[in-house]
Structure formats: C-alpha cells, structure tokens
Amino acid sequence: MQSKKLLIALLIFTSILSCKDDEKEKIEEVPLQTFVEPEGIKEFGFNLNDYIVKRDTIKSGDSFGVILERNNLGYPKIFQIAERAKDTFDITKLQVGKPYTLLCAKDSIQTPRCFIYQPNKEEYVVVNFHDSIHAYTSRKPIKYVEKVATGTISSNISEALEKQGLSPRLAFKMADEIYAWTIDFRRLQPGDRFKVIYTDKYIDDSIYAGVHNIKAAFFEHNKEPFYAFQFETDSTKGIKDYFNEEAKNLRRAFLKMPVKYGRLSSRYNLKRRIAYYGYKIRPHKGTDFAAPVGTEIMATANGTVTESRRKGGNGNYVKIRHNATYSTQYLHMSRRKVKVGDYVKQGDVIGWVGMTGNTGGPHVCYRFWKNGKQVDPFREKLPEAEPISDSLKVRYLEYIKPIRTQLDNILFEEQEPEIELAIEDDIIS
Ligand SMILES: [Zn+2]
C-alpha cells in the first residue's frame, strides 16, 4: 500500500528527519561465493551461465594483483593485463567495500577470464582478458517509474514506519526542497494530509535506487491547500523549480536563518529591556541565532558584499546588498570569509560564528534591512525567488492542467475505509 508507506515515511521525517537510507550507498558484506546462476541470466552484458561467477567486495589489503593471484593467475599475465587496461581503468583506485565480480572458466582451476568492478551502483568497469585484453566502463540500464502516494499525518504510528519500506527521502524532499518556505514541517497538525506524484529509480530493472524526483504534490496544512508543480524554467541550464497553481515560485529569495543548526536565542524586539543597562529600553534590531564558535554562517540570499570589517560592538561583520530593497548583515563573527565587492550566492559561507564585539556568548546577530531600515525578517512577507516570466507562465499553466487533474483525482486513504483499518492493525502489532 503506497499511501500507507508514505504516511509512515513522513512520520519518520517528523520525528528524526533522516535520509540516510538513500544517501549512503549500503554495501553488503557478501562472502566470496561460487555458484551456478540460473539458466539464461545476463549481467554486465555477459551470459553468466558460461562462467563460474565469483562475487566479493574489495577488502583492506586487496589489490587488482592480489585478487587475481589468489584466483590462480600468474604475475606476468597480471602485469600484462594491468598495463593494457590502464587507460580505461586505474587499478590502484580500487576502494575497500566496493563489489567486484570475477567470471571464471569452467576448467579445473577456474581460470579468471574477466574482472568486473563496481565503483557505484550504476557504473561498472569490465577488464576482459579472455583472449585479447580490453577494458571498458559501462552503465547499468536505468528505469524510472512514476508512482503516486497519499498520506495523512497523525502522531502515533512512528513505530510501524520502517517496515513499510517507502523511502523517507520522499518526505525529506517535500519538507526540504518543495515546501521548505511554505510549511513548517516541525509543526504539522494531525489531520494534515498530502498527495504526491513522483518517480522511483531502478537500476537493471529491479534494483531500487531511491526516489528520483517529485513531479507534483498537494499538501493540506491546517485545512489550507498547497499545490506544487515542478517546472523547468531554463532548459539549457536545466533549472527546475516548484511553483503553485498560480505560477508563484514556492521558494523564497531568503533562507530563514543564516546558520544550518542554531537556536533562535533573541528575536527582533524594539522594546527589549536589559538589566545590565538598568532596564532601560535597548531595542534589539537583529535576530540572534546561538551556535558554537566556528559554525558556518551563510548568506541568506544572493548578493554583493558591501561591508566586511571589524567595528566596535558589531565585532567582525559582513553586510550584503541583495537588491535595491534588501540588505542583510551578520555580526560577531570569529572570522570573515568574504571581502567588499564579492558576489555571494544563497547558502555560501561568508564567515564563522564567534564572539567579537559586544556579545555575551557565541551567536550570530542577523540584521535584515529593508529600504534602509532594520525590520523583523520573521514578520516580513519575503519575496519569492525568480518569478516565472509572463511568456513562460502561459506555458506553465497549460503544462500543469493535466497534472493537477491527476492530483485531484487521487483519493485520500480515508476515502477508502478498508485501508484505514489496515493501518490500525499495524499500529497495534
Ligand atoms: Zn543581536
């Protein structure tokens, strides 16, 4: 049941926010095995029935020569192979943990005929030394399968998440790429629900290689609908973005905060009173994010550095002009990484958290300037990134029509009572 799986995946996300399943290639420790493949099995372009197939992973201390010698090939031959193959395949680059396959003759000593190394899930390198010696790199065929999933957020089924097997990557993509600026996934409400049209990636027809892409999504948060459609705005550069049903970009020109992990320690507050100053009003026109000294500080939007220096209570600081309306400023850095005139992109590191200037602890004081005045970025309706051009808009609205119909026709699970029951069973067990 796809929908159930996704619901569960999303709940994994809400509790532990992790995409480790897909991000790191999992390398299984397969002991060296010799076995006869079933009739007609083809892999790497070879008919495996013609050989004795030995599979293993590169172990520490292994080298191309060591492996072949262990499998009854003599050193003069090994040198010859390595020499001939070197333009295609650098035999010194074998990485511990990566799988390899030896195709061996069905003779008494099982003479190796072919060495196949897999540096990643998709690519493989063949060193064939059956008659003549030749080497080449190839790719396994990749297949994309479009799927749909739906889910409803509740709070008590996290136990059942993992055994459902749908990729947490899907939830991660929704939270981090599509709705990062519109929905706070840490504050989802029970009853929030979603539908998603996405593609899964398969290698060799059958090996699941994770969620490839989300084509469109619908998220109902606090009864409010949020549509998202992926659309390519620049085909030469391959730039894709998500837009809503009115062609508004879902991304914002600014990141919410200038540090990846930091605690909002003091908000913009014009009426702040501080004991140290005799409880006089000392307005705080910045937003403080506490983070350890040395934490990377990022530009929250693209722009040009207009100030980078050390001065009084600000300590080491950087100021960036984003456009005629907005500038941002980052205070108390331990070190600055950019200089006046540098062009920085959203997310670029511009310095590191410190305690320079007037500060009681390590934090970055983030100041948000609009038309020359400091404002509270949390109360600003921030501009969207890269609005769609008028000419593209027409094409976009045409493009999303059938996709929106498809989304709208996907039923939520609560519209299918028997599935709802199935979920209940899972919770109990
Ligand atoms: Zn501050």
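Remember, it's 1-based here, ligands and their atoms both numbered in the order they're listed. Because the structure is a prediction, the values reported are computed rather than measured.
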Check: residues 364-375 side-chain donor-acceptor pairs under 3.5 Å, at least two apart:
| from | atom 1 | to | atom 2 | distance (Å) |
| --- | --- | --- | --- | --- |
| Tyr366 | OH | Thr300 | OG1 | 2.7 |
| Trp369 | NE1 | Gln329 | OE1 | 2.9 |
| Lys370 | NZ | Glu380 | OE1 | 3.1 |

Looking at the rings of Phe218 and Phe194, which for Trp means the six-membered one, are their centres under 6.0 Å apart? no

Salt bridge (Lys or Arg N to Asp or Glu O under 4.0 Å) for Glu43 and Arg55? Distances and angles first, verdict last. CA-CA 12 Å; Glu43 197 179 350; Arg55 297 175 194 266; 2.9 Å; yes

Those residues that, when tested against Tyr396, pass ring pair (Phe, Tyr, Trp, His ring centres under 6.0 Å) (two or more places apart): Phe231, Phe243

Geometric cation-pi criterion, Arg404 with Tyr227: 6.0 Å, 45°: yes

Which residues share a side chain to side chain contact (heavy atoms under 4.5 Å, CB included) with Lys311, sequence neighbours left out: Arg309, Tyr317

Under-2.8 Å protein N/O/S neighbours of the Zn ion (ligand 1), ordered by chain then residue number: His284 NE2, Asp288 OD1, Cys365 SG

